[in-house]
Asks: 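This is the structure I have questions about; it appears just below.
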Amino acid sequence: MSGVLVVVEHRSGALARTSLESLAAGQSLAKQLSTDCSAVILGEGVAPLASDLSGKQLAKVYAAEHPLLQQYTADGYTTSLQQLVAKLAPAYVLFLHTYQVRDFAPALATRFGQVLISDVTAIQEGPTFVRQLFQGKLNADYRPAAQPTQAPCFVSIQAGAFRADSLEPAATPAPIEAITIDLAPNQIRTTPSPLFRESARTVDLTIAPVIVSVGRGIREQDNIPLVQALADAFGAELAASQPICDAGWVPMERLVGSSGHTVSPKLYLAVGISGAIQHLVGMKDSKTVIAINKDENAPIFEVADYGVAADLFEIVPALTNAILEAKGNTVES
Ligand code: FAD
């Protein structure tokens, strides 16, 4: 067994942007092991997507097509990948830790007598896979059994842990190989429903140069305009942590973190946000982070370039006024 195989996701005819992060992780692991990295894409009519992938630095792109893979099912993916992994015998199989992967990858690993090392945040020398326990309070190091073994090591990578823009392009396009999957209707025990369609987005946080993000420190919905005013003064987009979006105070499409968007603006201003790991993974790649939090030990200060350990209800209006003043605009009283 050798090499790294990355399972790439797609949706509505396009590669999932976050899957490119798992490819970046695959390239990095392959480099560390002085081995090669390949990618596999499953579905029906995925040839154009395979050809997109061949533009990345990969040993090979496998396109596994079958009419029964036209829509995702856990059984379809598990059975197809079982055949593929048995045939290709990679030493490592990587995925991005998406809802889809959570659905089928543990079953796939089990079919090889393995566990899934899930939601990995870093790959260190060894390789050692780092994942977090107790909501980020502890880091655990996982070292798989020394290679070669009889079964591959299955690993899912946390969104935001690797940067898609670090993905190396191919000097010459990677060869594409079509793989025949042996799949029968009676092997699929579920009937997929039509895909959930998200309502049209009004904002794309991933391209916003400045983001002002609000957390539970804001206390109540009536105080949100205070932070909105700061965002407006900056010409920034408003974003929020999960409790704020869960409460409906800020729309869900503005959520930053592992359940929301991964952003990397020039400036991220975190207001009353503690800095839980699920939030940090969504914004840690921002160029400059400013945090306002009254608790000087809040974890957000560990990733902040500038920190204001103070009451946001004093700082935010003063900052808004200072910005408006600097712009020559009327200052709120
Ligand atoms: P809190 O943790 O309650 O922090 C509020 C902060 O405000 C505190 O640090 C406090 O000191 C400060 N504060 C209070 N009053 C003031 C004041 N007057 N002035 C200044 N500071 C003040 N969270 C996300 O954000 N995004 C995600 O995508 C996400 N996904 C998750 C996925 C899973 C599977 C799980 C289990 C959790 C997820 N979470 C996510 C939730 C996450 O664990 C935290 O609970 C959440 O980020 C906390 O939000 P917060 O920082 O706004 O609130």
Side-chain angles (χ1 to χ4, degrees), residues 17-18 21 96-103 105-106 116 118-121 131-140 156-161 198 201 203 205-206 208 211-231 237-265 268-286 289-304 306-320:
R17 199 180 61 86
T18 46
E21 296 175 14
L96 198 82
H97 193 69
T98 60
Y99 287 113
Q100 188 168 296
V101 163
R102 283 175 230 192
D103 192 35
L116 174 71
S118 62
D119 215 7
V120 162
T121 54
R131 63 188 297 270
Q132 296 184 319
L133 303 178
F134 301 113
Q135 295 209 2
K137 291 193 172 54
L138 288 179
N139 272 352
S156 68
I157 307 289
Q158 187 174 93
E198 288 177 24
R201 289 217 177 115
V203 62
L205 285 184
T206 60
I211 292 177
V212 173
S213 197
V214 57
R216 196 147 44 186
I218 198 69
R219 285 197 215 133
E220 55 191 62
Q221 186 169 17
D222 288 350
N223 295 329
I224 295 285
L226 203 69
V227 189
Q228 181 70 65
L230 178 60
E237 288 293 349
L238 182 71
S241 66
Q242 185 160 289
I244 301 300
C245 293
D246 280 350
W249 298 354
V250 168
M252 213 30 121
E253 63 176 344
R254 292 178 185 268
L255 172 63
V256 168
S258 58
S259 315
H261 296 288
T262 302
V263 298
S264 48
Y268 189 89
L269 208 153
V271 180
I273 291 179
S274 59
I277 182 65
Q278 295 88 357
H279 190 82
L280 296 187
V281 296
M283 46 65 73
K284 67 181 164 48
D285 287 329
S286 304
V289 175
I290 302 177
I292 302 171
N293 194 308
K294 69 176 182 185
D295 174 8
E296 64 184 36
N297 295 314
I300 191 74
F301 288 127
E302 286 166 28
V303 297
Y306 301 95
V308 186
D311 187 341
L312 73 89
F313 293 99
E314 285 173 27
I315 301 298
V316 171
L319 188 55
T320 308

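Nothing fancy with the numbering, it's 1 onward along the sequence. Not measured: the values here are computed from a predicted model. Remember, it's 1-based here, ligands and their atoms both numbered in the order they're listed.
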Asks: Before you tell me yes or no, could you show the steps for Val271 and Ile315 under side chain to side chain contact (heavy atoms under 4.5 Å, CB included), namely the whole-Å CA-CA distance, both residues' side-chain angles and the distance that decides it to 0.1 Å?
Replies: CA-CA 10 Å; Val271 180; Ile315 301 298; over 6 Å; no

Asks: So, applying side-chain contact (heavy atoms from CB on, under 4.5 Å) with Ile292, which one of Ile273, Leu269, Ile300 is it?
Replies: Leu269

Asks: Just jot down the ligand 1 atoms closer than 4.0 angstrom to any heavy atom of Gly215, in number order.
Replies: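 Answer for ligand 1: 52 (O).
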
Asks: Would Val281 and Thr262 count as a side chain to side chain contact (heavy atoms under 4.5 Å, CB included) if you check the C-alpha gap in whole Å, the side-chain angles of each, and the deciding distance to 0.1 Å?
Replies: CA-CA 7 Å; Val281 296; Thr262 302; over 6 Å; no

Asks: Can you name the residues that form a side chain to side chain donor-acceptor pair (under 3.5 Å) with Gln100, not counting sequence neighbours?
Replies: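 Gln100 satisfies side chain to side chain donor-acceptor pair (under 3.5 Å) with no other residue.
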
Asks: Could you work out, for atom 16 (C) of ligand 1, the closest of Lys294, Gln278, His279 by heavy-atom distance?
Replies: Lys294

Asks: Which atoms of ligand 1 are found less than 4.0 Å from any heavy atom of Leu255?
Replies: 26 (N)

Asks: Just distances here: any N/O of Leu312 and N/O of ligand 1 closer than 3.5 Å?
Replies: yes

Asks: I'd like to know whether ligand 1 has Val256 as a neighbour, heavy-atom separation below 4.0 Å.
Replies: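 Contact check Val256 vs ligand 1: positive.
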
Asks: Only heavy atoms of Ala276, strictly under 4.0 Å: list the atoms of ligand 1 that pass.
Replies: 42 (C), 43 (O), 44 (C), 47 (O)

Asks: For Gly217, counting its heavy atoms only, list the atoms of ligand 1 lying under 4.0 Å from any of them.
Replies: 5 (C), 7 (O), 13 (N), 14 (C), 15 (N), 16 (C), 22 (C)

Asks: At a 4.0 Å threshold, what atoms of ligand 1 neighbour a non-hydrogen atom of Asp311?
Replies: 17 (C), 18 (N), 19 (N)

Asks: Any heavy atom of Gly282 sitting closer than 4.0 Å to ligand 1?
Replies: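 Gly282 does not count as a contact of ligand 1 under the 4.0 Å cut-off.
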
Asks: As a test of understanding, state which of Val212, Ile290, Val256 forms a side-chain contact (heavy atoms from CB on, under 4.5 Å) with Tyr268.
Replies: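 Only one option passes, and that is Val256.
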
Asks: Check ligand 1 against Phe313 and write out every atom of the ligand that is under 4.0 Å from a heavy-atom position of the residue.
Replies: 18 (N)

Asks: Classify the contact between Pro243 and ligand 1 as side chain, backbone, both or neither, using a heavy-atom distance cut-off of under 4.0 Å.
Replies: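 Under 4.0 Å from ligand 1, Pro243 contributes side-chain atoms alone.
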
Asks: Give, for atom CG of Leu96 and atom CD of Glu21, the distance between the pair rounded to the nearest 0.5 Å.
Replies: 6.0 Å

Asks: Any idea which atoms of ligand 1 are less than 4.0 Å away from a heavy-atom of Gly260?
Replies: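 Atoms satisfying the 4.0 Å criterion: 28 (O).
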
Asks: Once salt bridge (Lys or Arg N to Asp or Glu O under 4.0 Å) is applied, do any residues pair with Arg131, and if so which ones, sequence neighbours excluded?
Replies: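 Checked Arg131 against salt bridge (Lys or Arg N to Asp or Glu O under 4.0 Å); zero matches.
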
Asks: Answer yes or no: does atom CD of Glu220 have more than 12 heavy-atom neighbours from other residues, nucleotides or ligands under 6.0 Å?
Replies: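 Buried by this count: over 12 neighbours within 6.0 Å.
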
Asks: With rounding to the nearest 0.5 angstrom, report the CG to CG distance, Leu319 to Leu226.
Replies: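 Leu319 CG to Leu226 CG: 10.5 Å, rounded to 0.5 Å.
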
Asks: With heavy atoms only and a cut-off of under 4.0 Å, state how Ala310 meets ligand 1: side chain, backbone, both or neither.
Replies: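 Backbone only.
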
